[in-house]
Asks: 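Have a look at the structure that comes next, please.
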Amino acid sequence: MAQSRVKDRSPRRESVFGERFAIFAECLLTGVWIAVACLGVVTYPAAFAAGARHLRRRTTHRVSGLREFVVDFRAAVRGGWAVGLAGWVAAAAVRVDVLAARAGLPGGPFVGAVGILALIGLAVALLRAAALWTPDSTWRALLAGAGRRTVLDPAGSFLLVCGLAVVTLSALFVAPLAVPVLGAVAAAAVAVEERHRRR
């Protein structure tokens, strides 16, 4: 009789608070994985793509862990390293613009401001592309679509700009804090893309 009562019980569901806290903790852990994967300098697009895919699996209650993250990272880095290199070239160009603005060249402040805004837009587009990455997708197609969504969905793009600002401020005040926050930025990119898809 006692055994039949035990069998009839449905599995205990986790509370909403417990589930959300578990996702938050997973975001922080994913941030550490992303930070380690970014050590390759040009591997940051692949790192965010693997982190975003891991978080998409976790939020849909599919099995995912470090092994799956590594497999995704290896697949994403094949084409992602060129995107990472292009990002560093763009950042170097903006640095030249800012130096020109500081040197007092005519039109320098305007060119510097445009360069910084363009770099922020590129970073947002990269995050949006990484949020939708799958092993059978190409970075070129992902970035083209992400660029359009960056412009056409300003609210979502603004949320990602805020996420990037939090990482930057965390790095300025307490540098180690920026590492786990990277996972929260990846989660924000996933959420922004899901919100855009449902509209």
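Count residues from 1 along the sequence.
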Asks: When you check the side-chain N and O atoms of Arg58 and Thr30, is any donor under 3.5 Å from an acceptor?
Replies: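 There is no such pair between these side chains.
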Asks: Could you state the interatomic distance from SG (Cys27) to CG (Leu182), rounded to the nearest 0.5 Å?
Replies: 11.5 Å
Asks: Under 4.0 Å between a Lys/Arg side-chain N and an Asp/Glu carboxylate O for Arg53 and Glu68?
Replies: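 Salt bridge between Arg53 and Glu68, a charged N being under 4.0 Å from a carboxylate O: no.
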Asks: Within the structure provided, determine whether Val41 and Trp88 are in side-chain contact (heavy-atom separation under 4.5 Å).
Replies: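 Touching, per the 4.5 Å side-chain cut-off.
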Asks: How far does CG of Leu55 sit from CD1 of Ile34, to the nearest 0.5 angstrom?
Replies: 7.0 Å
Asks: Pairing donors with acceptors under 3.5 angstrom, does anything connect the side chains of Thr138 and Arg140?
Replies: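 No.
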Asks: Test of understanding: clusters of I, L, V, M, F, W, Y form through side-chain heavy atoms closer than 4.5 Å, transitively. Do Trp81 and Phe48 belong to the same one?
Replies: no
Asks: Should Ser137 and Thr134 count as side-chain neighbours, where that means a heavy-atom distance under 4.5 Å?
Replies: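 SC-SC contact between Ser137 and Thr134 confirmed.
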Asks: Do Glu194 and Leu132 have side chains that approach each other closer than 4.5 Å (heavy atoms only, starting at C-beta)?
Replies: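 Heavy-atom side-chain distance check fails, nothing below 4.5 Å.
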Asks: Do Leu164 and Val166 land in one hydrophobic cluster if side-chain heavy atoms of ILVMFWY residues count as linked below 4.5 Å?
Replies: yes
Asks: Specify the closest pair of heavy atoms between Ala131 and Ala52, including all atoms of both residues, with the distance to one decimal.
Replies: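 Scanning both residues completely, I find the closest heavy atoms to be CA-CB, 3.7 Å.
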Asks: A side-chain contact here means heavy atoms from C-beta on lying under 4.5 Å apart; do Val111 and Val98 qualify?
Replies: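 A side-chain contact is absent here, since even the closest heavy-atom pair is not under 4.5 Å.
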Asks: As an exercise, state the distance from CG of Leu29 to NE2 of His54, rounded to the nearest 0.5 Å.
Replies: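 Output value for this atom pair is 6.5 Å.
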Asks: To check you understand the geometry: which heavy-atom pair defines the closest contact between Gly163 and Val185, and what is its length?
Replies: O-CG2, 3.6 Å
Asks: When hydrophobic residues are tied together by side-chain contacts of less than 4.5 Å, even through go-betweens, does Val83 share a cluster with Trp133?
Replies: yes
Asks: Whether Glu193 and Arg197 form a salt bridge (side-chain N of Lys/Arg under 4.0 Å from carboxylate O of Asp/Glu) is what I want to check.
Replies: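 Looking at Glu193 together with Arg197, the answer is no, because their closest N to O distance does not fall below 4.0 Å.
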Asks: To check you understand the geometry: which heavy-atom pair defines the closest contact between Ala49 and Ala76, and what is its length?
Replies: CB-CB, 4.1 Å
Asks: What I'd like to find out is whether the side chain of Leu126 reaches to under 4.5 Å of the side chain of Leu122, using heavy atoms alone.
Replies: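 Contact flag for Leu126/Leu122 side chains = no.
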Asks: If two hydrophobic side chains count as joined below 4.5 Å and joins carry through other members, does Val36 share a cluster with Phe69?
Replies: no
Asks: Do you know the tightest heavy-atom contact between Ala130 and Pro45?
Replies: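 In terms of heavy atoms, the two residues are closest at CB-O, 4.2 Å.
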Asks: Give me the atom names and distance for the closest heavy-atom approach of Asp97 to Gly115.
Replies: OD2-CA, 4.2 Å
Asks: Check this for me, if you would: do Asp72 and Arg57 make a salt bridge, where the nitrogen-to-carboxylate-oxygen distance has to be below 4.0 angstrom?
Replies: yes
Asks: Please say yes or no: joined through hydrophobic side-chain contacts below 4.5 Å, possibly via intermediate residues, are Leu177 and Leu28 part of one cluster?
Replies: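 Hydrophobic grouping puts Leu177 apart from Leu28.
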Asks: Between Arg128 and Asp153 (salt bridge meaning N to carboxylate O under 4.0 Å), is one present in this structure?
Replies: yes
Asks: Please name the residue in the list Leu159, Leu160, Val192, Leu119 that meets the side-chain contact (heavy atoms from CB on, under 4.5 Å) test with Val124.
Replies: Leu160
Asks: Using 0.5 Å steps for rounding, measure from the CD1 atom of Ile120 to the OG atom of Ser157.
Replies: 11.5 Å
Asks: Kindly say whether Gly121 contributes a backbone atom to a donor-acceptor pair with the side chain of Thr150 at under 3.5 angstrom?
Replies: no
Asks: Under a 4.5 Å cut-off applied to non-hydrogen side-chain atoms, are Trp33 and Leu66 in contact?
Replies: yes
Asks: At their closest point, which heavy atom of Tyr44 faces which heavy atom of Gly84, and how far apart are they?
Replies: OH-O, 2.9 Å
Asks: Do Thr43 and Phe73 come close enough that some side-chain heavy atom pair is under 4.5 Å?
Replies: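 Side chain of Thr43 against side chain of Phe73, heavy atoms only: contact under 4.5 Å found.
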